[in-house]
Structure formats: C-alpha cells, structure tokens
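FYI, the numbering just counts along the sequence from 1. Atoms considered below: every heavy atom in the structure, side chains included; atoms not considered: hydrogens, waters and symmetry mates.
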Amino acid sequence: MFSAPPSVMTSPKGNRAHKMKLPIFTQKGMLEVPSPTEKDWSKDDEDNCVFSDPEQEVDSLPQPYRMINKLVNFLFDRSWEIIEERDVLRTAELSRIQPTIYSPFIESTLNKMPNCMAVSQDYVFIGGTKGFSIYNLHNAKRIYVWEKLKVDVTSIWATDLGNEILIAPVDEMGIVRLFYFYKDSLFLIKAINEVDDTSKQTTCIKMEISEGGDFAAFLLQGAGDICLDVYKLPKESWLKEVEYPQLSANSKKKVRQLQMNTLDPVKTDSFEMDINICFRGDVKLSLPVHIMKIKPPKPVTGTTFKSPLEVFAKIEDCCGLGSGQNHFIKDSQWEQQVAIFNATYKKYLDGEWEEELLSMATFHFLLPSFIIAMPAEVKNPPGVACVLGVHWTGSHNFFLYSLNRTLKDKVDPESTWPCAAPITVSQLSCCCSYLVLACKDGVLTLWDLAQGFSLGVIALPERCLCQSIHFLKYFLVHKGQNMYPEGPVKSQMKCVVLGTDGSLYLVAASGTQRPTLSLLVERPVKHPEEAICAVAPVRALPGMVLIFSSNGSVHLMDVATSQIICAFAPPRSYHLAVPWKPVFVVSSHHPCFLLRGDHPDELGSASNAEDIPNSIFYFNFKACPLLENITRNCTIPQTDMLDNAAFPQVLPLEKRCENFFQKR
C-alpha cells in the first residue's frame, strides 16, 4: 500500500497546526554526543533543559537594521562606561584631601585690561592700553599713568638699579622703550628700535637686562632677518643727569603732570595720593651705547682653506674653537655624505617637509668667573657682567661673547661650549653663579660658573623633555622646616624642571657629588585638566614654588616633601580668562604675588572691552596662618650650622677637616 505525498494528506486544519509554533526544549550549555549505553545516560538531563517559548525567540534583523542595532548598543555600553568612570573620579575627588584655600588680601579693580605686570622694589608696573601704570605694591595705589602710545603694551620688564628702576615696555608693534624711574620723576631714555621708515621696522621678540643694569640685549626680527643687538647702559651718567639736570631749550616748557586716578582695594572707599610722580620730558638722558650686533651662525659648508695649516692658524687663539666653522672638509665630501644619508633614510625623508622656522636666540649675561677666561689687560669691576652667553635654535653650541668691545670690533665668540645635542632650554640663576643647559635628548648639564667646574650631568626620564627651568635659593631642612643658611654657600644648587608632559622634577647638585633627580608631580594622566602650565619660585618662602594648572588653580608646594601646603584663588565671581597662560608676578623681595582675574559674567555681555571689569589680586603670604611661622623664621644662624653635623656640605673646608679628624 502506497502512502500519499505529504501535500495530499494535509488538510486546512492540519496546515494551520503546522504553521503554529509549538513549545520546544532547549538544552543549556554545550551539546555532547550521548553514550551508546543507556546506563551511562545522565539523570540530570531534564534539569539541563529549559522550557522556552518560540514567540520570545529573537530573529536576526536584516540590514541595515542590524548595523543600527549594533551602533545603538555600542552607544549605550560606552555611555555606561563613561558614567562609571565619572562616578569613580567623583568618589576619588571627594576622598582627596583638599588644601586650605586663601583669598586675596587686596583687590584692585581696573577699568582697562592689564596685559602684563612687573615688580621692582615697592612698585608694580602694569602694561595695558596705550601705555603702562605705576602702583604702590603695599596699598595698591595708582601713583602714575603713562599713556602716549597708539597701541597696547604687551610685555614689560623692571630692573632694580639701586635707588632707581629701569623700565622697558614693549608694545604691539614690537617697539621697546627704556624709561628711567628716579624718586618722583619718570624719564624717557630712548625707543630702541623705532625708525621713520616702516619698511625697515624691526620687532623686539625677546630682551634681557644684566644684573645691576649695566648691559641690555634685544632680539630683533624684521624683513626675514634676525639679529641680537647688545647695548651698554650709562647708568652712572643717568644718575648725574637727573640729580643735576642741565638747562636746555626745553627747560622753559612746563612739565606736564598727568592726572592720577586712585584704585579702591577691598573694604576701602578710596585712597589719597601721597606721592606725586611727573614725567620729565625736558631732561634728555645719555643714550645707550650700541656695542655689538650678533647674527645666527652660518650653516656648516665646505671649507675655504687651502691647507690644514690655515685651519690651525685660524684657531691659534682659540677663537671659534668648537663652533664647527673651522675645518678642512671639502664641498664634494659634504655632498657625498648628504647623498649617502638621503639614500639610507629615504623612506623616512619622503613626505611633506615643514617650513623651517626662523632661528631664535636665548641669551644670558655672565659675571667674571674661573670658567670664563678674560684677557689680562681687561679690568672688569666686581658684580658687573663681562660675557654674553648665546645659543640659537637647533644649535649644539653655547657661544660666549666678550662685552668689552665696540661696534667696530669684529664679532667673533671668545669661546664655544659644544653639546652632544641641540640646546633647547637654558637658565641662569639669580646670583649668576649657576647655569643649566637642557638639550633635545633630555640631558641637563649643570655648571658652577663661580667655582669654574661642572656639577654633573643628569637625564630626565624617557620621552620627557625640558620645558622650563626655575632656580631655587639653596635651602636646608632643619627640624622639619625649610630654612636658608646664613651666609654664602658654595657649589650647592637646587632647581625645579617642568617637563613637556606636565611632570615636575627637583634637581639638586652638591659639589663633586652626583646630582639627584626627584619626582615632584607625575604626569596628569587621569586628570589632564590639572596639567601644570607655569611654575614660579617664592624666594620669601624657602623651598616653596607656586604651581599654576590649566584648570585655573594655584597651589603652593613644598619641594622638600612634594606636598601641597595651600591654595590661592580669587573670589568666586572671578576666574582666570586664560588659565593656561596666567598673568602673574612674584615679588623677589616681599612675601607676596599678584594675579590677574576677570569677571566671567561680563565677558560676553560687555559691548566694549573697556567696559569689562578686570582686577589685580594681591596675595600676601604673611596673612596666611599656615605660612606665618615660615615667613618669620626662615634662616639658620651660622652658629647652628657649625654645631650641627647634619649639614657638612655648607661648612667651610677648615671646619670640615676639623670634624673629620675629631671623628678619627
């Protein structure tokens, strides 16, 4: 008997039953091949099966809905991960010990945007719209305003000359002017780079004034060229000319005294002026003497010498030795070496080349020392700079130029210090006794210029380069407190180094001992908004530095313990408009610093920039209870150091020898 095909046997009812989805059993876990004997079968098979409803089965979505579903699920998963990360960070932030925050001691409200600040003696110089203003450091009084420019002042320097102050503002056009501030009078000396022909106008990029104000150097750029102009400043003549002004044709003119406005500090209505400063345009002071013009070193090319004897004759007096300019390598040899290099590293050299930037210079005025050889006939007064040290962008060499010359003399370096890698950063200590050269490979070379030897070489961690160097006045830890030793200290230096990755290090060197490197602040991986953007040592507090972060916070750190002591912040209604580039200044002689703040509610609503309220906040360290004891007792007496064997490095040689033989 033959059965009919399935299609013949089905009925309408049976067809409906076939289309119905019946409940099925689904086994959990991995499927396995059962044993051939029934006795080996597991009795828990029923437990391993779960009853599932076919109506709840998820069918595979067609495209493009399947991709949309994946993207939505990814967004939900990623959002949940971010929520969990933020929750962890919030919990960690709440668990962190918050430092004590101190408010400003005085607030000075300005009606114009201050662009820069400088402090010298008891005065604050603030550059802004069309000029600069002079304020009293202690009570925030504005005692004079000089606004005769058509453009704003972008940077300003102030150098202490004893009882006088040398002021050097630079405007938006790059023109630098020298002012002489003496008692109650202000004198304009000269506009260094101002010319009548605008096509020949140069821009001042950088400037430096020697300790004591005997020399000044200006890095000028214009018409695709760059040079370093060095001037000798006749400060002795200036003092005589202002004390005994000579009568001239301009003396009949009345001295115009500008109206002086006052500022209202916190909780004070107004101040009365007790000092009257006038601008003395009738007195002409002696002009600075141009003694040297230095240009970037020429690239090393083929030799022009015909014999090796000419090369030796060129460097017979050691001038130019180490610069790489005096050699006996021909052009053909250079071309051959360049061809070999290009062929070897072709795959790395192929591609777009960045435009070569104009060479920049970093320069320092150095005092006479054992390491700097000067001619015997040159009599240099003590404490007066005698050499200018210069290094250019991408150069391995640190050039030393004598300042005992005139503009007619040939400009050649007296000596050259070659380094293994290009020099990127250099810094001279305030006492001009120590110099640090940081190279492109992260290696720091420490020099004791006063004693005439190297304090050592130390390298930063891998992939960390030097961004800036800041010298600290040498201090000791005595009874758990940082203190300055009384009297001079030889061959002892400490400095903090800010890395390009936001990390901060303490470098210490002592005589012939190997320098040490200590980590103060790690690279901010979890909190990138806390990256350090500026560091400033506080000379009034031993071993303390101000740390400015990208989020606008300002902290005071003890470098001996790597601990945050306290924090400083303006009122809540103010903030730092550009926190990654704060406008501040720290006094070298007084325990205070000044910080510019902006009102966030007025930045967007004000139609004119002059209508935006700006403030200069004055922070006094003596007004902080945590720092009051440090500011009072910050010096170790010489007798305590001689009796304490814990500080052998600061003892005189005779005392160290005596202690050594006593122990024997």
Side-chain angles (χ1 to χ4, degrees), residues 108 110-137 142-161 164-195 201-210 213 215-222 228-231 233 235 238 242 256-258 260-261 263 277-281 283-288 363 581-588 594 596 609-610 614 616:
S108 300
L110 285 72
N111 56 358
K112 296 181 181 180
M113 171 73 78
N115 298 324
C116 51
M117 293 185 292
V119 172
S120 181
Q121 297 182 12
D122 297 330
Y123 301 97
V124 181
F125 305 91
I126 300 178
T129 305
K130 298 182 180 180
F132 64 92
S133 304
I134 305 177
Y135 291 78
N136 187 295
L137 178 62
R142 185 168 70 174
I143 57 180
Y144 185 74
V145 56
W146 187 86
E147 295 180 348
K148 295 185 178 182
L149 303 178
K150 297 181 180 179
V151 292
D152 297 349
V153 171
T154 57
S155 59
I156 189 168
W157 281 262
T159 302
D160 188 1
L161 303 182
E164 313 82 41
I165 300 175
L166 182 64
I167 312 168
V170 181
D171 61 24
E172 291 179 325
M173 302 298 294
I175 299 177
V176 55
R177 296 172 174 84
L178 294 182
F179 289 86
Y180 191 73
F181 183 40
Y182 176 73
K183 292 184 178 180
D184 57 350
S185 302
L186 183 67
F187 306 87
L188 174 61
I189 300 173
K190 181 185 179 182
I192 296 296
N193 57 329
E194 187 177 23
V195 294
Q201 181 65 57
T202 57
T203 301
C204 181
I205 304 175
K206 191 183 299 184
M207 66 169 293
E208 192 76 29
I209 300 176
S210 66
F215 296 91
F218 307 92
L219 185 63
L220 305 178
Q221 176 184 352
L228 180 61
D229 284 356
V230 185
Y231 290 83
L233 306 180
K235 63 177 186 177
W238 293 342
V242 297
R256 183 168 57 92
Q257 182 173 353
L258 300 180
M260 291 165 279
N261 302 323
L263 297 175
I277 297 179
C278 61
F279 178 72
R280 299 293 302 273
V283 178
K284 302 299 181 182
L285 302 184
S286 300
L287 300 179
F363 40 95
K581 193 176 181 181
V583 179
F584 70 95
V585 62
V586 182
S587 176
S588 301
L594 287 82
R596 189 189 77 180
E610 296 183 356
N614 300 275
I616 298 296

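Side-chain contact between C116 and V153 is present, with at least one heavy-atom pair separated by less than 4.5 Å. S587 places a side-chain heavy atom less than 4.5 Å from the side chain of L137. A heavy-atom distance below 4.5 Å is not found between the side chains of M173 and E194. In this structure, Y135 and L110 have side chains that are in contact, with non-hydrogen atoms separated by less than 4.5 Å. The shortest distance between side-chain heavy atoms of I189 and W238 falls below 4.5 Å. You'll find the side chain of M117 reaches within 4.5 Å of the side chain of I616, heavy atoms only. Side chains of C204 and I175 form no contact here, defined as non-hydrogen atoms less than 4.5 Å apart.
The aromatic rings of F125 and F181 sit perpendicular to each other, their planes meeting at more than 60°, with 30° as the lower class boundary. The aromatic rings of F187 and Y180 lie tilted to each other, with the angle between the two planes from 30° to 60°.
Summarising the geometry, atom CG belonging to N614 is positioned 4.5 Å from atom CE belonging to M113; distances are rounded to the nearest 0.5 Å. Here CH2 of W157 is found 13.5 Å from CD1 of I167. Values are rounded to the nearest 0.5 Å. Atoms CZ and CG, from R177 and L188 in turn, are 7.5 Å apart once rounded to the nearest 0.5 Å. If you take CG on L166 and CG on D160, they are separated by 10.5 Å, rounding to the nearest 0.5 Å. For the atom pair CD (E172) and OG1 (T203), the distance works out to 12.0 Å, reported to the nearest 0.5 Å. Separation of atoms CG (L285) and NZ (K235) is listed at 15.0 Å; rounding is to 0.5 Å.
The main-chain N or O of S133 is never found under 3.5 Å from a side-chain atom of W146 such that the two would form a donor-acceptor pair. Counting only distance, with no hydrogens or angles, the side chain of R142 and the backbone of I134 share no donor-acceptor pair below 3.5 Å. Between the side chain of T154 and the backbone N or O of V170 there is at least one donor-acceptor pair closer than 3.5 Å. Checked by atom type and distance alone, the side chain of Q201 pairs as donor or acceptor with a backbone atom of N193 at under 3.5 Å.
For F363, there are no ring-ring contact (aromatic ring centres under 6.0 Å, His included) partners two or more places apart in sequence or in a different chain. Residues satisfying the side-chain hydrogen bond (donor to acceptor under 3.5 Å, both in side chains) test with N115, not counting sequence neighbours, are none.
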Run the side-chain contact (heavy atoms from CB on, under 4.5 Å) test on Y182 and R280 for me, step by step, so that the C-alpha distance in whole Å, both residues' side-chain angles and the decisive distance to 0.1 Å come before the verdict. CA-CA 11 Å; Y182 176 73; R280 299 293 302 273; over 6 Å; no
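A salt bridge links E147 with K112: the distance from a Lys NZ or Arg NE/NH1/NH2 to an Asp or Glu carboxylate oxygen falls below 4.0 Å. In summary, D171 and K150 do not engage in a salt bridge, as defined by a charged side-chain N under 4.0 Å from a carboxylate O.
The 12-atom threshold is exceeded at CE of M207, counting heavy atoms of other residues, nucleotides or ligands nearer than 6.0 Å. Other residues, nucleotides and ligands contribute over 12 non-hydrogen atoms within 6.0 Å of the NZ atom of K206.
Between Y231 and F218, the distance separating the two ring centers is shorter than 6.0 angstrom.
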